[in-house]
2 protein chains.
Amino acid sequence: MPLKEDKKIVERSTRQQSSILEALYGVDEFKSAQDIHALLSKKKLKVGLATVYRTLQKMAEKEDIDAIKSVDGETLYRHCGQNDGHHHHLICSKCGLTITVEGPAIENWTEKVAKENGFREVSHKVDIFGVCKSCKKK
Amino acid sequence: MPLKEDKKIVERSTRQQSSILEALYGVDEFKSAQDIHALLSKKKLKVGLATVYRTLQKMAEKEDIDAIKSVDGETLYRHCGQNDGHHHHLICSKCGLTITVEGPAIENWTEKVAKENGFREVSHKVDIFGVCKSCKKK
DNA sequence: CTTTTATTGATAATGATTATAATTAGCAAT
DNA sequence: ATTGCTAATTATAATCATTATCAATAAAAG
C-alpha cells in the first residue's frame with residue numbers, strides 16, 4: 001500500500017496553470033494577480049483574471065509560493081527559491097528587491113511570547129521593509 | 001519668535017473627532033473604520049463615514065493609535081495603552097483579544113539583518129496571530 | 001459679528017477581489 | 001476514439017473597503 005500522496009494543488013493540470021506558474025517563476029519580485037495577468041496578456045497568453053487569482057491563492061495556501069500584503073492592500077506573490085522551510089523577507093520599498101532571510105531568533109521569541117500568554121496555533125509573518133543600498137545612493 | 005510647534009494631527013478640534021477618539025478608546029480591540037462608524041451611529045452620534053476614515057488614518061500616522069491589516073484586507077485600529085514606544089501585538093484570531101508585547105530581541109534582529117544587507121530606513125511590524133487560552137477550550 | 005479656511009459629509013468613483021453561471025476541457029472508463 | 005463526469009476556466013456582474021469630489025458647515029482669528 002503506497003503512502004498517501006501529497007495533496008495536490010489541483011486535480012487537473014491545465015495550460016493556464018502552467019502559464020501562471022511560469023510567469024511567476026520568471027521574475028524575482030513580488031507580483032500581484034493583476035500584474036501576472038497583465039504579463040500573460042502581453043505574451044498573448046489568454047488567461048482569465050479570475051483564474052489568476054484562484055491559482056495564486058491556491059498555490060499560496062499550499063505554501064508553494066509566498067504571499068504578502070503591500071501597504072496599499074494588494075496581495076503580492078513570489079516564488080520562494082527555498083521551499084524547504086519557514087523564512088522571512090527583507091524588501092526594498094523603492095525597487096522591490098527582495099532578500100530571503102531566516103531568523104531562528106524570531107521563531108524562538110514568538111514561540112516564547114505565545115506560550116507565556118497561553119496562545120496556541122500561532123503564526124507570524126515578519127517582513128522587513130526598507131531602502132536597499134543601491135536605492136539609497138540615488 | 002516662538003519655536004515651531006509640534007505638527008498637530010488637526011488644526012481645529014471638532015465634536016466628530018472627539019466622538020471617534022472616544023469610541024476607539026472605549027474598546028480594547030482592533031476595530032475598522034466601518035466598525036467605529038457603526039458604533040457611533042448606534043449611539044446616535046452622526047459622523048460621516050469619510051470623516052471616520054480620515055481621522056483614524058491621521059491618528060495612525062501620528063502613531064497615536066496602532067493600525068494593522070486583517071487577513072481579509074481591512075485596516076484595523078486600536079488605541080495603545082502605552083504610547084511610549086514601539087511594541088507588537090499578540091492577537092487572538094477567534095475573539096480578537098489583544099496583548100501588547102515588547103521585543104528587544106526582535107528589534108535587534110531586524111536591525112542586524114537590515115544592516116548586514118545594506119538596508120536603511122527599515123521598519124517592521126510583528127503581529128502574532130493565534131488562538132488564546134479561553135478560545136482554545138471551546 | 002465677519003472673515004478665513006479647515007473640516008465635514010453625502011455621494012460618486014475607484015480598485016482589488018469574489019461570486020455567478022455558462023462553457024470548456026482533463027481524464028478515466030467504455 | 002468516444003462518452004461521461006465534473007474540475008477548471010472565463011466573461012461579467014457584484015462586493016466591499018477605501019478614496020476623491022466638492023459644496024456646505026463651523027472653528028478660530030480679527
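Numbered from 1 within each chain, the chains take letters A, B, ... in sequence-line order. Not measured: the values here are computed from a predicted model.
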Undergrad: When you check the phosphate oxygens OP1 and OP2 of dT7(C), does a side-chain N or O of Q16(B) lie under 4.0 Å from one of them?
TA: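 For Q16(B), the contact criterion (side-chain N or O under 4.0 Å from OP1 or OP2 of dT7(C)) is not met.
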Undergrad: dC27(C), dT18(D), dG9(C): which one has an atom nearest the side-chain heavy atoms of R12(A)?
TA: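 Closest nucleotide among those given: dC27(C).
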Undergrad: Below the 4.0 Å mark, does dT18(C) have OP1 or OP2 next to a side-chain nitrogen or oxygen of Q57(A)?
TA: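 Answer yes for this pair, as a side-chain N or O of Q57(A) is under 4.0 Å from OP1 or OP2.
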Undergrad: NZ of K46(A) versus C1' of dA8(D): gap in Å, rounded?
TA: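 Taking atom C1' of dA8(D) as the reference, NZ of K46(A) is at 19 Å.
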Undergrad: Measure from NZ on K69(A) to P on dT18(D) and round the result to the nearest Å.
TA: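 Rounded to the whole Å, the gap is 11 Å.
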Undergrad: Quick check for you: among dT11(C), dA17(D), dT7(C), whose closest atom lies nearest to any side-chain atom of A50(B)?
TA: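 Selected nucleotide: dT11(C).
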Undergrad: Let's test your reading of the model: under 3.5 Å, does the base of dT19(D) pair with the side chain of R54(B) as donor and acceptor?
TA: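 Looking at the base of dT19(D), it does not pair with any donor or acceptor on the side chain of R54(B) (distance under 3.5 Å).
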Undergrad: Should the pair Y25(A) and H79(A) be assigned to parallel (<30°), tilted (30 to 60°) or perpendicular (>60°) ring geometry?
TA: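 Parallel, since the angle between the ring planes stays under 30°.
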Undergrad: Let me know the distance between CD of E11(B) and C1' of dA29(D), rounded to the nearest Å.
TA: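 About 14 Å, once rounded to whole Å.
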Undergrad: Below the 4.0 Å mark, does dA28(D) have OP1 or OP2 next to a side-chain nitrogen or oxygen of S13(B)?
TA: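 Result: yes.
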Undergrad: Would you confirm whether H88(B), through its side chain, and V126(B), through its main-chain N or O, come within 3.5 Å as a donor-acceptor pair?
TA: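 Here the side-chain-to-backbone pair exists.
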Undergrad: Using whole Å, report how far CD1 of I20(A) lies from P of dT9(D).
TA: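 Result: 7 Å.
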Undergrad: Under 4.0 Å between a side-chain N or O of R15(B) and OP1 or OP2 of dT25(D)?
TA: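 Result: no.
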Undergrad: Looking at Q17(B), I'd like to know whether one of its side-chain N or O atoms comes within less than 4.0 Å of OP1 or OP2 on dA27(D).
TA: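 Answer is no, no contact under 4.0 Å.
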Undergrad: Which nucleotide, dA26(D), dT8(C), dA10(C), lies nearest any side-chain atom of T14(B)?
TA: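 Nearest nucleotide to the side chain: dT8(C).
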Undergrad: Round to the nearest Å and state the distance from L56(B) atom CG to dG9(C) atom P.
TA: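 Atom CG in L56(B) sits about 13 Å away from atom P in dG9(C).
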Undergrad: Output the single nucleotide from dA10(C), dA16(C), dT18(D) whose closest atom is nearest the side chain of L49(B).
TA: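 Side chain of L49(B) sits closest to dT18(D).
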Undergrad: Grab the CG-C1' distance between D35(A) and dA16(C) for me, whole Å please.
TA: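 Result: 12 Å.
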Undergrad: Which residue is it: D64(B), L39(B), V52(B), L56(B)? I am looking for the one with a side-chain contact (heavy atoms from CB on, under 4.5 Å) to L24(B).
TA: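 For L24(B), the side-chain contact (heavy atoms from CB on, under 4.5 Å) test succeeds with only one of D64(B), L39(B), V52(B), L56(B), which is L56(B).
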Undergrad: In whole angstrom, what separates Q34(B)'s CD from dT15(D)'s P?
TA: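 Nearest whole value for this atom pair: 15 Å.
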Undergrad: OP1 or OP2 of dA8(D) sitting under 4.0 Å from any side-chain N/O of T51(A)?
TA: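 No, no such contact exists.
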Undergrad: Indicate yes or no for a side-chain donor-acceptor contact from H37(B) to the backbone of V47(B) under 3.5 Å, with no hydrogens or angles considered.
TA: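 Checked: pair present.
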Undergrad: Side chain of V47(B): nearest nucleotide among dT7(C), dG9(C), dA17(D)?
TA: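 Of all the options, the side chain of V47(B) is nearest to dG9(C).
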Undergrad: Go through T55(A) and Q16(A) one step at a time and tell me if the side chain to side chain contact (heavy atoms under 4.5 Å, CB included) criterion holds.
TA: CA-CA 9 Å; T55(A) 304; Q16(A) 286 89 338; over 6 Å; no
Undergrad: Assign T75(A) to base, sugar-phosphate, or nothing according to its heavy-atom contacts below 4.0 angstrom with the strands shown.
TA: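 Sugar-phosphate, backbone atoms only, no base.
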Undergrad: Mind calculating the distance between CE (M59(A)) and P (dA8(D)) to the nearest angstrom?
TA: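 Distance, rounded to whole Å: 14 Å.
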Undergrad: For the side chain of Y53(B), starting at C-beta, report the closest nucleotide among dT19(D), dA6(C), dG9(C).
TA: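 The answer is dT19(D).
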Undergrad: Out of the candidates H124(B), E63(B), E102(B), only one should pair with H86(B) under the side chain to side chain donor-acceptor pair (under 3.5 Å) rule; please name it.
TA: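 Only one of H124(B), E63(B), E102(B) forms a side chain to side chain donor-acceptor pair (under 3.5 Å) with H86(B), namely H124(B).
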